[in-house]
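Below is one structure, written out as structure tokens; the observations come after it.
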There are 2 protein chains.
Amino acid sequence: MSESDEVTTSCKRGARREEKRAKIVQVAQRHFTEHGFGNTTMSAIAADLGGSKTTLWSYFSSKEDLFAAALDDWIDRVKPVFDVQREGTLQETLNRYGCEFLRQMLSPQIQTLFRLMIAEGQRFPKMGHIFYERAPLRRQKALACYLEWEMAEGNFRKVDGLRASAQFHHLCFYRLFMHSMWGLEPDTSPAAIRSEVEEAVEMFLFGYATGQQHPA
Amino acid sequence: MSESDEVTTSCKRGARREEKRAKIVQVAQRHFTEHGFGNTTMSAIAADLGGSKTTLWSYFSSKEDLFAAALDDWIDRVKPVFDVQREGTLQETLNRYGCEFLRQMLSPQIQTLFRLMIAEGQRFPKMGHIFYERAPLRRQKALACYLEWEMAEGNFRKVDGLRASAQFHHLCFYRLFMHSMWGLEPDTSPAAIRSEVEEAVEMFLFGYATGQQHPA
DNA sequence: CACTCATCGTACTCTCCAGTACGATTACCT
DNA sequence: AGGTAATCGTACTGGAGAGTACGATGAGTG
């Protein structure tokens with residue numbers, strides 16, 4: 001967004017400006033993610049920076065501008081391990097991947113990000129798209145890719161890989177995740193995570209019906 | 001909460017007070033669910049009521065008080081059709097139930113309720129518990145009851161009914177629901193709903209693995 | 001009728017906070 | 001050195017909105 005503004009005539013000035021901007025965004029991020037949009041004040045950010053408000057406004061012309069920049073940067077930074085380590089059976093791989101995924105989703109950072117996206121989503125319609133494409137969709141594509149490989153190997157029914165991938169993610173995380181969002185303080189120990197994911201994987205692969213075969 | 005305060009010495013006065021209170025809560029509810037907590041003003045509620053601000057504060061001593069009351073009442077009122085109509089096969093029943101469920105979840109009211117729960121959840125820690133028990137949990141129990149019946153009939157693997165129920169609900173609604181939350185404006189036509197639920201049901205019952213039987 | 005409680009309207013205080021004005025200071029650049 | 005951009009601190013404006021004060025008007029009760 002701000003790299004290619006124009007050829008920076010001076011070197012140190014331009015560099016400092018970038019640095020400062022980054023620092024502002026970083027501080028703003030902390031405030032926004034700790035208190036949300038409404039309860040964060042520009043004055044507090046300026047004070048925290050040690051600088052003056054004037055300077056703040058010379059970088060971002062409004063609070064919403066700053067928020068957008070902070071969220072942008074945050075989303076860029078949230079690049080958790082999307083990789084699917086293809087070791088062992090399909091079942092083993094899904095278990096391993098699922099546990100790692102769920103563990104990440106239960107981290108405070110991700111919780112806060114979701115909370116912000118949902119709470120302020122109305123105010124920034126574009127944010128939703130950006131967020132969705134960079135985080136959940138990217139994830140789902142990565143797993144879909146793996147699932148399609150397993151389809152080719154003959155270990156997985158031939159279905160829409162992306163949808164199956166989304167289904168798997170939802171199965172793994174929404175129960176504990178939403179409980180956590182609602183303040184129910186669910187058990188998020190490694191053992192609980194493992195159990196949650198195991199149930200999901202088993203159902204995902206084998207289903208619950210008895211005495212019948214796949215319709216397809 | 002306010003029924004058993006004390007024996008109302010006068011009859012008409014007490015009755016009117018209850019009525020008025022209910023009306024206030026109702027109006028407040030509309031405002032809160034339409035604009036959220038932060039963007040709702042007490043003055044607007046008073047104006048909408050036709051009454052004066054003084055009266056408002058004679059019923060609720062603060063904005064947060066009123067919000068709590070409104071949410072309380074709302075949660076009481078959210079009693080969508082939890083019943084599972086047991087007609088046709090397991091598959092048919094799940095499809096019918098799932099579609100109705102998803103349809104309800106995509107309504108603006110439910111969306112807003114979730115948004116409020118998540119956004120203001122920090123401010124009202126108790127709310128999360130109340131909400132969870134009255135809405136999602138109640139739902140999941142209703143379906144779990146049906147699933148356990150199907151287990152007894154031999155059509156469903158013998159597993160934890162509540163967890164399976166939760167899994168089914170999550171499979172059905174989270175994809176479209178969250179897309180809608182993020183402002184992605186997904187297709188929510190009856191056809192799209194049907195398709196989403198069909199995929200969920202099929203996976204739920206039969207799984208995706210090929211060439212193997214249930215491990216249990 | 002006398003009394004009381006609820007309500008009303010209006011105008012007010014108080015606080016918080018985004019955003020601005022302005023003059024002074026400190027880098028950097030040529 | 002002299003010019004220029006960025007920065008600083010402080011004090012201000014302006015608006016929004018929670019909550020209050022107060023005097024007036026009814027309606028219900030005894």
Side-chain angles (χ1 to χ4, degrees), chain A residues 2 5-32 34-71 120 123-124, chain B residues 2 5-28 30-32 34-71 119-120 123-124:
Chain A
S2 49
D5 276 341
E6 64 221 58
V7 182
T8 42
T9 47
S10 54
C11 49
K12 264 199 178 175
R13 285 240 244 263
R16 291 226 177 193
R17 203 166 170 81
E18 286 308 311
E19 262 179 58
K20 182 94 186 182
R21 199 194 122 100
K23 189 158 196 174
I24 292 177
V25 167
Q26 182 193 328
V27 169
Q29 226 169 69
R30 236 197 30 247
H31 280 254
F32 284 129
E34 273 171 21
H35 313 113
F37 182 83
N39 298 319
T40 294
T41 76
M42 294 294 266
S43 308
I45 293 175
D48 200 347
L49 269 163
S52 87
K53 298 219 275 171
T54 319
T55 310
L56 200 44
W57 264 274
S58 85
Y59 282 89
F60 302 95
S61 59
S62 74
K63 189 181 176 181
E64 311 218 331
D65 252 32
L66 179 52
F67 180 73
L71 210 48
E120 315 292 346
R123 204 191 298 261
F124 306 93
Chain B
S2 47
D5 273 343
E6 64 222 62
V7 183
T8 43
T9 48
S10 55
C11 49
K12 265 199 177 175
R13 287 238 243 263
R16 291 226 177 191
R17 204 166 169 83
E18 284 310 310
E19 263 180 58
K20 183 91 186 186
R21 199 193 123 99
K23 190 159 195 174
I24 293 177
V25 168
Q26 180 192 329
V27 169
R30 238 199 28 249
H31 280 255
F32 283 129
E34 273 171 20
H35 314 113
F37 182 84
N39 297 320
T40 294
T41 76
M42 293 294 265
S43 307
I45 292 175
D48 200 345
L49 270 162
S52 88
K53 297 218 271 169
T54 318
T55 310
L56 200 45
W57 263 273
S58 84
Y59 283 90
F60 302 94
S61 59
S62 76
K63 189 182 178 183
E64 311 216 332
D65 252 32
L66 180 52
F67 180 73
L71 210 49
E120 313 293 346
R123 203 190 298 261
F124 306 92

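Lettering follows sequence order; numbering is per chain, from 1.
- Heavy atoms of B:Gly38 sit nowhere under 4.0 angstrom from any nucleic acid atom.
- Contact annotation: A:Arg16 side-chain N/O to C:dC28 OP1/OP2 distance is under 4.0 Å.
- Taking atom CE of B:Met42 as the reference point, atom P of D:dA16 lies 19 Å away to the nearest angstrom.
- Comparing D:dA21, C:dA11, C:dC22 against the side chain of B:Thr54 picks out D:dA21 as the nearest.
- Between B:Tyr59 and the phosphate of C:dT7, there is a side-chain N or O to OP1/OP2 separation shorter than 4.0 Å.
- Atom CG in B:Asp65 sits roughly 13 Å away from atom C1' in D:dG19 (whole-Å rounding).
- Among the nucleotides C:dT7, D:dT7, D:dG19, the one closest to the side chain of A:Lys20 is D:dT7.
- Atom pair A:Glu19:CD and D:dT7:P shows a separation of 11 Å (rounding to whole Å applied).
- Within 3.5 Å, a donor on the side chain of B:Lys53 pairs with an acceptor on the base of D:dG19, or the reverse.
- If you check every strand for non-hydrogen atoms under 4.0 Å, B:Ser62 touches sugar and phosphate atoms only.
- Using a 4.0 Å heavy-atom criterion, one finds that A:Phe60 contacts no nucleic acid atom at all.
- Taking 4.5 Å as the limit, some side-chain heavy atom of A:Asp48 sits within range of a side-chain heavy atom of A:Arg30.
- Rounding to the nearest 0.5 angstrom, the gap separating the CZ atom in A:Phe60 from the CZ atom in A:Phe67 is 13.0 Å.
- B:Glu18 has its CD atom 12 Å from the P atom of C:dA6, to the nearest Å.
- In terms of heavy atoms, A:Ala70 sits closest to A:Gln29 at O-NE2, 3.1 Å.
- As rounded to whole Å, 18 Å separates atom C1' of D:dT7 from atom CZ of A:Arg21.
- The side chain of A:Thr55 has D:dT7 as its nearest neighbour among D:dA18, D:dT7, D:dA11.
- For A:Asp48 and D:dC8, the CG to P distance is 13 Å, given to the nearest whole Å.
- Regarding contacts with the backbone of C:dT7, a side-chain N or O of B:Ser58 is found under 4.0 angstrom from either OP1 or OP2.
- No donor-acceptor pair under 3.5 Å is formed between the side chain of A:Lys20 and the backbone N or O of A:Thr55.
- If you measure from atom CZ of A:Arg17 to atom C1' of D:dA5, you get 9 Å, rounded to the nearest angstrom.
- Remark: P of C:dC17 and CG of A:Leu56 are 15 Å apart, rounded to the nearest angstrom.
- Between B:Phe37 and B:Phe32, the ring planes lie parallel to each other; the angle is under 30°, not in the 30° to 60° tilted range.
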